[in-house]
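For reference, the structure is listed below as structure tokens.
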Amino acid sequence: MRFYGEDTAVSVAIEALMKINRRDTAAKLRGEREKDLGLNKISLDLTENDYRVKYREYIFKEYQYIIDRNARLGETVTLNSRYTKLIMVNEHRHEKEREHEIMAMGQRHAEIMKKQAISSITIDSLFNPNKNGQVPETVVLVGAAGIGKTVTARKIMLDWAAGKLYQENFDYVSYINCRELNLLTNDKSVADIILKNYPINNAPIEHIFMHPEKLLFIIDGFDELRFNLDQPESDLCSDPWEKKAVEVILGSLFRRTVLRECYLIITTRPIALEKLRQHVKCAYYAEILGYSEEDREEYFYKFFGNDRQALHAFNFISENEVLFTMCFVPIMCWIICTVLKQQMERGEDLVQTSKTVTGVYILFLFCLKDSSSSNLKLQMQTQMRRLCSLAVDGIWEQKILFEEKDIKKHGLDQADFLPLFLNENIFQRDIGSVSAYSFIHLSFQEFFAALFYVLEEDEDTRKDSVTPKREVNTLLAYYGKSRHYLMLTVRFLFGLLNENRRKDIEEKLGYKMLPNLKTDVGTWISSFYPSANNQIEDLEALYCLYESQEEQLVKNALMHFTKLELRGKLLTPMDQQVLSFCVKSCPQMKSLLICHCGFRLESHEEKEFQGPSKQLCQEQGTQSPIYLLCQALKEPNCKLETLKLWSCNLTSSCFEDLNSVLRKNDSLRELDLGDNVPGDYGVQVLCEGVKQSKLERLGLWSCRLTGACCGDLSAVLSTKQSLIELELGHNDVGDFAVRRLCEGLKHPNCKLQRLRLWWCKFTGTCCGDLAAVLRSNRSLVELELGGNEHLGDAGVQQLCEGLKHPNCKLQKLGLNDCDLTAGCCRELSIVLSTSQTLTELDLRENQLGHSGVKLLCEGLKHLNCKLQKLRLSRHMVQKETKQELGAVKEIKAGLVIESNW
């Protein structure tokens, strides 16, 4: 009595009597204690209430923190600051519904989850009366690996301790970890298991047993139990003080031979449901499905604790369809957030350094392995190949729900291993039910299928294999034909070629990887794009190369390709990331054309967020849509010579990025930015980069320019001797702007050879300046002035003064649709008869009439005329005009006259 204290001494005596099989005496002693407890109810109630308060305080302290898997000493996070509600439903889903959920990706998957969220239940309703008014005594929470079962269990413990949950239902809640139970070898009683959670001596355990209806057990991880629960009824215990093997104690709780009125919450993976159903009756079923799109967003904000970082990370991951989909799994959400946060803390750019899809799935594999029991880790090596074999058979047979016979065929019918990677689904068929197995999502099946092709077989695995020999080349060839089916499997295959990942898999999982696969896949790329002109026309194979993150592999695979053309596509940030990686990794690529494409920014920028303000959302969009591409163009390995970005809605911010490209890229020779919206400011910024580049050709047609930027362009012309071509058509620059350009064109340093000013809304008043350019600039060989309908005869007459000058070296002159008549044809005729360089003249869409053409013919017939091509409109050529032109052709047989007549 002095050693234990009065109450504990009685407990020890009862336990001793039980061990020597004096059960009657033990029961009598327990009865006397209960009688004594009744006599002293008032004082004991006070003691018990005090203890209950202390117990709640203890549980709150124990469960208020969570420790991240990669936490360092002292790093903790409160559960409430991280916990995000999960979708839970209390209904079994139909087979087709489950198939759609497994296969869905991106927004389609988000819509399915959103629909499920409508009927979602909450943890505070688990013990609500059902439609018959009955309160469930046992609740089974079902969910896949990493879906949040344990966190939910711990959240229930915490909220109960904080007085937020089940206050009227339970006085005590006890948490039982099934993995820890596996380690217990000595006999235990129900009392022992309960007391393990109790921090203070003299716990009022007798009082607790007197009111079992106020006691809740949370049994977490039923699927991880490693012992048999099939004990005969006679072996079960009814006395909570009786010591038995742990499996007997647990079986007694499940089958309610002990503490019949207590309540249970049991968490399990779906694969163990059938086993659980044999031992638990009348259970309330609730399935944890994971996060909805809104829940994922909330998790990001809670994880980062910084609205700016959370918004940036969430927007970034939203653009990766596969990773965004898999964020419905909480452990995947944690992996992705952890990786992104570490990158941000290192000051790295997410879009350039983030893990690929393969990288994240490998981390998921490592997480499941690390969280498994030691026994399961030993099994994993032998079982993984079988799992991959099941996955690849399913991919080829287009099967995502597997029957029992499939599981047995592949040797996977072992209770320990199967729950880690597969879900069991029970579907009703006629008057019975069947079990079907699936990966948590089709993307996981495709990942394991890809792993099948890279794992090296040993003698044992070859003997065990039930899968026909499947060659990588067969996979690649089939995908090359279908261009969609097997897409993700092939991408994962490329991702598994990465040397660092291969080393990680070999070191952490103990597998050997096949060598020499890179040669096979590199050769395959050439067959994927069988173009005769060494041109790539979509991003599909580039996605595969990006997944590898192996620059040397990219170089080897693309060594025969010099051109990349993309037309009519909306390029997502993920597309841009892939494009940029391949551009910077392929020095053989010389030409890039992106035409009628959109560069989409993060799609969630315009959403109404609960976390950050609208201003913060706007600040996140400060990078231009082509920022990623421009970063790649600045890489030393990039040797691109021609860049054409037509009709891509590029604004001034894009031109700022292009300015930085021109300052750093020494190889770029041609830049065509036609049909964009940079405005004058964008061009002014671009000109600063042009001055420091080696650019030879610059296209700025249809860019909504006015005369405001022509001073900067003129400065470029007067300083940049490498620039030989400038295209400014379809801009409303007007007379003043042309005069400004002429100042640069007349400068001795100007070496421009081709100037195109069609449809620029200038008049004949600036033709004197253009004539002065022709007299002084000996490099200009092409001048396009078509479409300037107010140029008129007077303007052309002035222009001819320059054309006749001996210094003029012009070879090609465009004057179509310039409101010309016969009034300018005499001067043009003189030019034709005197110019020794002019070889092409375009006069279409003018009103020259027969008299005008007749005057031109005089010049054309002259012996000194060097013209080779004359373009006239059909309406100019009447019958008598044809005769004049025919006479010219007789003299100048080499002259081509285009008029469609």
Q) Can you name the nearest heavy-atom pair linking Gln231 to Leu229, along with the distance? A) OE1-O, 2.7 Å
**Q.** Atom pair CZ (Arg154) and CG (Asn177), whose distance is rounded to the nearest 0.5 Å
**A.** 9.0 Å
(Q) Working to the nearest 0.5 angstrom, can you tell me the gap between Lys155 NZ and Ile66 CD1? (A) 10.5 Å
(Q) Could you work out, with ring-ring contact (aromatic ring centres under 6.0 Å, His included) as the rule, every residue matching Tyr285, not counting sequence neighbours? (A) His92
Q. Quick one: does Arg255's side chain have a donor or acceptor within less than 3.5 Å of a partner on Leu253's backbone?
A. no
Q. So Ser438 and Ile400, side-chain contact (heavy atoms from CB on, under 4.5 Å) or not? Walk me through it.
A. CA-CA 6 Å; Ser438 68; Ile400 59 173; 5.8 Å; no
Q) Counting only N and O atoms by type, is there a donor-acceptor contact under 3.5 Å from the side chain of Ser252 to the main-chain atoms of Leu236? A) no
Q | Backbone N/O of Leu390 and side chain of Asp393: donor-acceptor pair under 3.5 Å | A | no
Q) Roughly how far, to the nearest 0.5 Å, is NE2 of His279 from CZ of Phe254? A) 8.5 Å
Q. Is the closest side-chain heavy-atom distance between Leu264 and Ile219 below 4.5 Å?
A. yes
Q. Pro129 and Val135: which non-hydrogen atoms are nearest, and at how many Å?
A. CG-CG2, 4.0 Å
Q. Has the side chain of Ser120 got a donor or acceptor atom that lies under 3.5 Å from a matching backbone atom of Met88?
A. yes
Q) Does the side chain of Glu404 pick up a donor-acceptor pair with the side chain of Tyr437 at under 3.5 Å? A) yes
Q.
Just by distance, no angles: are the side chains of Arg179 and Asn182 close enough, under 3.5 Å, to form a donor-acceptor pair?
A. no
Q.
Just checking Trp334 against Tyr299, ring centres under 6.0 Å apart?
A. no
Q | Shortest non-hydrogen separation from Tyr291 to Met113 and the atoms involved | A | O-CE, 3.4 Å
Q: Please answer whether the main-chain N or O of Ala272 pairs with a side-chain N or O of Asp223 as donor and acceptor at a distance below 3.5 Å.
A: no
Q: Give, for atom NE2 of His211 and atom SG of Cys262, the distance between the pair rounded to the nearest 0.5 Å.
A: 14.5 Å
Q. Checking His441 side chain against Ser443 main chain: does a donor-acceptor pair fall under 3.5 Å?
A. yes
Q | pair Ile331-Phe364: side-chain heavy atoms closer than 4.5 Å | A | yes
**Q.** ring-ring contact (aromatic ring centres under 6.0 Å, His included) against Tyr361, all qualifying residues, sequence neighbours excluded
**A.** Phe444, Phe447, Phe492
Q) Just by modelled atom types, is the Lys399 backbone N or O under 3.5 Å from a matching donor or acceptor in the Gln445 side chain? A) yes
(Q) Once side chain to side chain donor-acceptor pair (under 3.5 Å) is applied, what residue pairs with a partner in residues 127-144 remain, sequence neighbours excluded? (A) Thr138-Arg256
Please tabulate, for the side chains in residues 140-151, all donor-acceptor contacts under 3.5 angstrom to protein atoms that are two or more places apart in sequence or on a different chain.
from   : atom 1 : to     : atom 2 : distance (Å)
Lys149 : NZ     : Gly143 : O      : 3.1
Lys149 : NZ     : Ala144 : O      : 2.9
Thr150 : OG1    : Asp220 : OD1    : 3.4
Thr150 : OG1    : Asp220 : OD2    : 2.8

Q. How long is the gap from CD on Glu213 to CZ on Arg260, to the nearest 0.5 Å?
A. 15.0 Å
Q: Could you tell me whether the side chain of Glu287 reaches within less than 4.5 Å of the side chain of Leu289, counting heavy atoms only?
A: yes
**Q.** Separation of Arg269 CZ from Leu276 CG (nearest 0.5 Å)
**A.** 14.5 Å
Q: Identify whether the distance between the nearest side-chain nitrogen and carboxylate oxygen of Glu57 and Lys54 falls below 4.0 Å.
A: no
Q) Is there side-chain contact between Thr152 and Leu86, with at least one heavy-atom pair below 4.5 Å? A) yes
(Q) If you compare all heavy atoms of Leu126 against all heavy atoms of Ile121, which two are closest, and at what distance to 0.1 Å? (A) CD2-CD1, 4.1 Å
Q) Considering only heavy atoms from C-beta outward, does the side chain of Phe209 approach that of Trp241 to under 4.5 Å? A) yes
Q. Cation-pi between Lys275 and Phe222: NZ/CZ under 6.0 Å from ring centre and within 45° of the ring axis?
A. yes
Q) Residues two or more places apart in sequence or in another chain: which of them pass side-chain contact (heavy atoms from CB on, under 4.5 Å) with Ser189? A) Ala191, Asp192, Lys243
Q) Is a side-chain donor or acceptor of Gln167 paired with a backbone partner of Leu165 at a separation under 3.5 angstrom? A) yes
Q. If you count the non-hydrogen atoms of other residues, nucleotides and ligands that lie under 6.0 Å from OH in Tyr65, is the total more than 12?
A. no
Q.
As a quick check of understanding, evaluate side-chain contact (heavy atoms from CB on, under 4.5 Å) for Phe217 and Ile265, giving each step before the final call.
A. CA-CA 6 Å; Phe217 290 100; Ile265 291 178; over 6 Å; no
Q) Going by heavy atoms in the side chains, are Leu216 and Asn169 under 4.5 Å from each other? A) no
Q. Considering all heavy atoms of both residues, which atom of Ile87 and which atom of Ala117 are nearest to each other, and what is their separation?
A. CD1-CB, 3.8 Å
Q) Quick one: does Ile176's side chain get under 4.5 Å of Ile218's, heavy atoms only? A) no
Q: For the residue pair Phe328 and His109, categorise the inter-ring angle as parallel (less than 30°), tilted (30 to 60°) or perpendicular (more than 60°).
A: tilted
Q. Can you find a heavy atom in the side chain of Phe303 that is under 4.5 Å from one in the side chain of Arg82?
A. yes
(Q) With side-chain contact (heavy atoms from CB on, under 4.5 Å) as the criterion, how do Asp230 and Gln278 come out once you've worked through the C-alpha distance, each side chain's angles and the decisive distance to 0.1 Å? (A) CA-CA 9 Å; Asp230 297 327; Gln278 296 171 10; 4.1 Å; yes
(Q) Test: ring pair (Phe, Tyr, Trp, His ring centres under 6.0 Å). Region: residues 118-160. Which pairs qualify, not counting sequence neighbours? (A) Tyr55-Trp160, Phe127-Tyr166, Phe127-Phe170, Phe127-Tyr263
(Q) Minimum heavy-atom separation for Lys302 and Ser81, please, with both atom names. (A) CB-O, 3.2 Å
Q.
Tell me whether Arg386 contacts the main-chain N or O of Leu412 through its side chain, where contact means a donor paired with an acceptor under 3.5 Å.
A. no
Q. Can you list the steps and then say if Glu294 with Lys114 is a salt bridge (Lys or Arg N to Asp or Glu O under 4.0 Å)?
A. CA-CA 9 Å; Glu294 289 73 20; Lys114 185 176 182 180; 5.1 Å; no
Q) Would Thr78 and Asn80 count as having a side-chain donor-acceptor pair, cut-off 3.5 Å? A) no
Q. Is Lys244 reaching over with its side chain to a backbone N or O of Leu250, donor-acceptor style, under 3.5 angstrom?
A. no
